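Inspection log for the structure reproduced underneath, given as structure tokens.
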Amino acid sequence: MQQATLPPSALHQPMLDRQAAGERVALRLKGKVQGRIHTDPLMTYAWSGDASSYRLIPAVVVFINSEDEVRAVMAAARAEGLPITFRAAGTSLSGQAVTDGVLAVLGDGWRKLDIHPGAEQITLGPSIIVANANRALKPFNRKIGPDPASQATCKIGGVVNNNSSGMCCGVAQNTYHTMARLRLVLTDGTMLDSGDAASREAFRNSHGTMLEGLHRLHHEVMDDAELVALIRKKYRIKNTVGYSLNALVDYHDPLDILIHLMVGSEGTLGFVSEVTYKTVPEHPFKATALVPFPDPQSAGRAIIEMANGGVQVTTGVTAAEYIERRALATVEHLPPMAPLLPWLTDNSPAVLIDVTAPDAATLATETARAVELLARHGATHIDFSTDEARSHALWDIRKGFFASGGAARPKGTSMLTEDVAAPIERLADFVIDMRQLLDDHGYEDAIIFGHALAGNLHFQMSDDFAQPGSAEKFDRFSHDLSQLVSVQYGGSLKAEHGTGRAIAPFVEAEWGSKAYGLMWRIKQLFDPENLLNPGVLLNPDDKIHIKHLKVMPLADELVDLCIECGFCEPACPSHQMTLSPRQRIAVTRERERLRRSGEDPARLKRLDEDFQYAGLDTCAACNLCSLRCPVGIETGTMIIGQRAQRRSGTARAVAGFAADHRGAVESMMRGGVALADMARTVIPAPAIEAITDSARRLTGRRVPRLSRALHHGPGSPKAAPNRQDPRQTGFPVPIAQTGRQSIVYFPSCATRMFGAPKTAHDLLAVPDAMLALLTRAGFDVIMPEHLNGQCCGQPFQSKGFPEQAAEVGGALKRELSDLSDAGRLSVVTDASTCAKHLREFPGDAPVLDSSQFLLSQLLPRLTITRKLPVVAVHHNCSAQRLAEQPMTEAIARACADEIAVLSSVTCCGYAGDKGLFFPELNAHATRFAKADIPAGCTLGVSTVSTCASGLSEHAGVPFVGLASLLEWATR
């Protein structure tokens, strides 16, 4: 078979004015697409990178939410001669989710999740995050087959299009083998649902020529015994190089061939709008161990035996992750690694192993078998544990290697990553040769790890592509890598990350000219105009892998280690509204590059101006991104710093005045909300909101929005007389020992200013509920005098006024330390945000958050007298950063028969007063909250009053303080 000749249309010619074409696409889509459309410099640059080492600035970014919108985008792009790339989570590692044409980003319309009866199958939309699908399946002890390390971030659309696998997936449980049905849209707008008989029949009638072409390809392959043998050999191990040619061998019906060719096609053949998976068992009994070996060869021999000849199992050793010594060095500072350190030498790799079973007895048998095998091959320390927390901690380390290893690179360099596979029986030699190849090419900083049961190794290294010769060095390495993996070992240059731009020039070297020609003919059958993701997967340019490489200029010490992996994005309340943490960092880097080079002042000016709203104003600065980031990068802290840099002298003067007169400011704020509450008794709430919204527009958002969910607070509460409080007795020491324990209580300014909505349960305001609970539990309460205006300083800090934050918060912390008798008494506050911020100031007072104190000190002294059927629970950002979720849930469970944690809401986006001045952030962050509220739920709880206001408006039920609920339940 000769290599196919490329038609002229197969090589997409670059547009002379791609930006103008992008703007014309945007005009064509106006009114046809519900989602946002961007052609401006800020947003197109923000979407220019995925998790790979490539960057292309799209001409237009459009959010799509339906199959009709997919058709509209295809028509508009075709009319303007621009290519289309579909993007899900953008965790792609080979450059397949970036383009200089139309970037079509999956919006909220693709979130279908339907578990079939018995949970044997699950139907998913392409926007569903893999971990969320598995979370829904967990009660049934099932999961989907693919389990990539990025599963907490990556989405189903990318998993299907890259045929992603993962740590336990092996070859047998990837999308290709576990897919029961696929729904797709082709470039001519035709929809095919492979699970619907009528759709299949209609497609046969309308696309007979295309199906006949696939039928001919099938017979052509089957008549070539040598090619059949090659295809079968290539897919005995993990392989995502090129198209899924196994479809031409495994299936006879061209419709079945078609839908299986779509898997792993990287968006070059059509758009996948829905997939039904056959689920696989997720056995509830598991033992985990991180096992060191004296050298790579002994670890490799043990893995070869554990691999069971490459046959996938669901009982026994289901995962074995090889981690070389240099990779371990990047994480050995983490607490879960401590027990292993005494057993590590300079050359010791380790293998992270899971043994799973359907019951405890089988687990014990399988674990004993694994221990014997490991000991026989020289493992130096074997310690299997069934502790779930320890297992999660070890696997979090492994899943984070992509980012934590990348963070170990020199600042200013780009991270490069590849994943390769070799026949499992040759693994021991393969790891040695891979290490030697990296060292020979000057990548001594590279680390190796991978899914060893599948013969799959990942490695990553760094280079500065701003330096002369770095791209050429990478080119030489790539060619030698191709020779080693594809030729010498007969393996796969891309085991699971997809071909992308990174490996496109080496597909023919791996597959040979006959198979490579088949791939071009497949592309021509599906996409004769070369409209979809041209240059990805197949590319005649033998240097495409070293073009459009990212540079990572230094911009801010807080974020210079970021590799733009995108793991942070699901936690960000502004993601897909304005910018995500990854995008804020990327744009900050580009602004800094332009500032230093001076090459385009006009573009820099535009980026700086537009970054005010998208980058600064709509960042909640909650830093939940740091909890998702394997190296803990706090993008919110960077943003706060940039806010401070932009503050004018006038703004600082105003902040100083507010800090000096914060009592008056608090009274004014509370009075304004109280006035709005009074107005609602006369004027309908929608009218009040319309008036304030108009005022906000006319004043450039300087007037706060007063929603119907925002109510004035109770003000400063009064504590009962306490004879142990020296301020009340005039004596420096307590004059009467009551036998009651004293506690210092600080009602936060938020709970003093803002109250909860009225409910049917006659709940007390949070400060009043706290005082009632403390008294009920036998505490004497001490509170600061002159509470009005007392503040932890966090509002000043978040707005970029660190001096005022230190002044105000420091003064409060000193007063609380004095009241606590130099730390003899504990201090409790009623807002998680306040508790977290106060802990950052020096002082003796140990500050406890309400959930921590209520659970440990009050609940044991109280009696639950009544319960609600179900309570919704929101974990605000500070509570998450304080790791208080279990405490909050324990209190809620004590007060209700059932709790429903808001799984769709991370930070609610209210962010102090952003809910007043940028309410669209709160609305966006909570847009799915109603779906989290179960039937019969009439109340929700949060540990910050402003968060409760935002949730009350958007979740459909009133949210109140945790203390208010507990007081009601123990009244």
Side-chain angles (χ1 to χ4, degrees), residues 149 166-168 170 237-238 287-311 313 316-332 336-337 339-355 366-385 391 394-395 397-399 401 405 418-439 444 446-460 484-485 489 491 495:
M167 284 161 282
C168 302
I237 59 174
K238 284 186 179 183
T288 304
L290 185 58
V291 181
F293 283 84
D295 52 67
Q297 294 93 332
S298 56
R301 288 190 292 270
I303 292 165
I304 289 170
E305 186 173 344
M306 283 188 289
N308 193 34
V311 177
V313 298
V317 176
T318 53
E321 294 289 304
Y322 177 85
I323 308 171
E324 73 159 359
R325 183 64 182 94
R326 293 189 212 186
L328 292 170
T330 68
V331 294
E332 62 183 29
M337 289 291 299
L340 199 70
L341 297 182
W343 305 95
L344 295 179
T345 67
D346 292 342
N347 195 37
S348 296
V351 183
L352 179 59
I353 299 170
D354 266 355
V355 178
E366 294 294 339
T367 302
R369 185 178 300 167
V371 168
E372 186 277 329
L373 184 155
L374 294 166
R376 182 160 31 85
H377 285 283
T380 54
H381 179 64
I382 307 170
D383 183 20
F384 278 96
S385 170
S391 175
L394 291 172
W395 278 103
I397 289 173
R398 165 57 192 91
K399 292 172 185 176
F401 265 123
E418 300 293 347
D419 78 302
V420 295
I424 185 64
E425 63 272 13
R426 303 186 68 187
L427 179 67
D429 294 331
F430 190 45
V431 295
I432 301 300
D433 288 344
M434 274 303 314
R435 179 74 264 169
Q436 190 63 52
L437 179 71
L438 290 162
D439 291 347
E444 294 91 351
I447 61 172
I448 298 175
F449 52 92
H451 318 314
L453 290 182
N456 179 194
L457 296 180
H458 300 276
F459 59 91
Q460 56 196 55
L484 175 70
V485 175
Y489 276 90

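Counting from 1, the numbers follow the sequence of the chain as shown. Values reported hereafter were calculated over all heavy atoms of this structure, with side chains retained and with hydrogens, waters and symmetry mates removed. Nothing here was measured: the structure is a model prediction, and the numbers come from that model.
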Results of side-chain hydrogen bond (donor to acceptor under 3.5 Å, both in side chains) for S385 - residues two or more places apart only: none
Set of side-chain hydrogen bond (donor to acceptor under 3.5 Å, both in side chains) partners for S391, sequence neighbours left out: T288
Please report the closest heavy-atom contact between [X] and [Y], naming both atoms and the distance.
X	Y	answer
A299	V351	CB-CG2, 4.2 Å
L344	P292	CD2-CB, 4.0 Å
V291	A379	CG1-CB, 3.5 Å
R325	N347	CB-C, 4.1 Å
H377	S298	O-CB, 3.4 Å
F449	I447	CE2-CD1, 3.9 Å

Under the salt bridge (charged side-chain N to carboxylate O under 4.0 Å, His left out) test, residues paired with R435 that sit two or more places apart: E324, D439
Sequence-distant partners of E372, salt bridge (charged side-chain N to carboxylate O under 4.0 Å, His left out), two or more places apart: R376
Plane angle bin for Y489 and F430 - parallel if under 30°, tilted between 30 and 60°, otherwise perpendicular: tilted
Using 0.5 Å steps for rounding, measure from the [atom1] atom of [X] to the [atom2] atom of [Y].
X	Y	atom1	atom2	answer
D433	R426	CG	CZ	8.5 Å
L437	F459	CG	CZ	7.0 Å
E305	I424	CD	CD1	12.0 Å
L484	M434	CG	CE	6.5 Å

Contact between [X] and [Y] at the side-chain level, heavy atoms closer than 4.5 Å - yes or no?
X	Y	result
R369	M306	no
T380	P294	yes
E418	H458	no
L290	M337	yes
L373	V317	no
P339	D383	no
D419	K238	no

Derivation and outcome, side-chain contact (heavy atoms from CB on, under 4.5 Å), residues I448 and R326: CA-CA 8 Å; I448 298 175; R326 293 189 212 186; over 6 Å; no
With sequence neighbours excluded, residues passing side chain to side chain contact (heavy atoms under 4.5 Å, CB included) with A452: I303, Y322, L427
Contacts of type side chain to side chain contact (heavy atoms under 4.5 Å, CB included), residue Q297, not counting sequence neighbours: D295, R301, I432
Polar side-chain atom of N456 near backbone of V420 as donor-acceptor pair, under 3.5 Å: yes
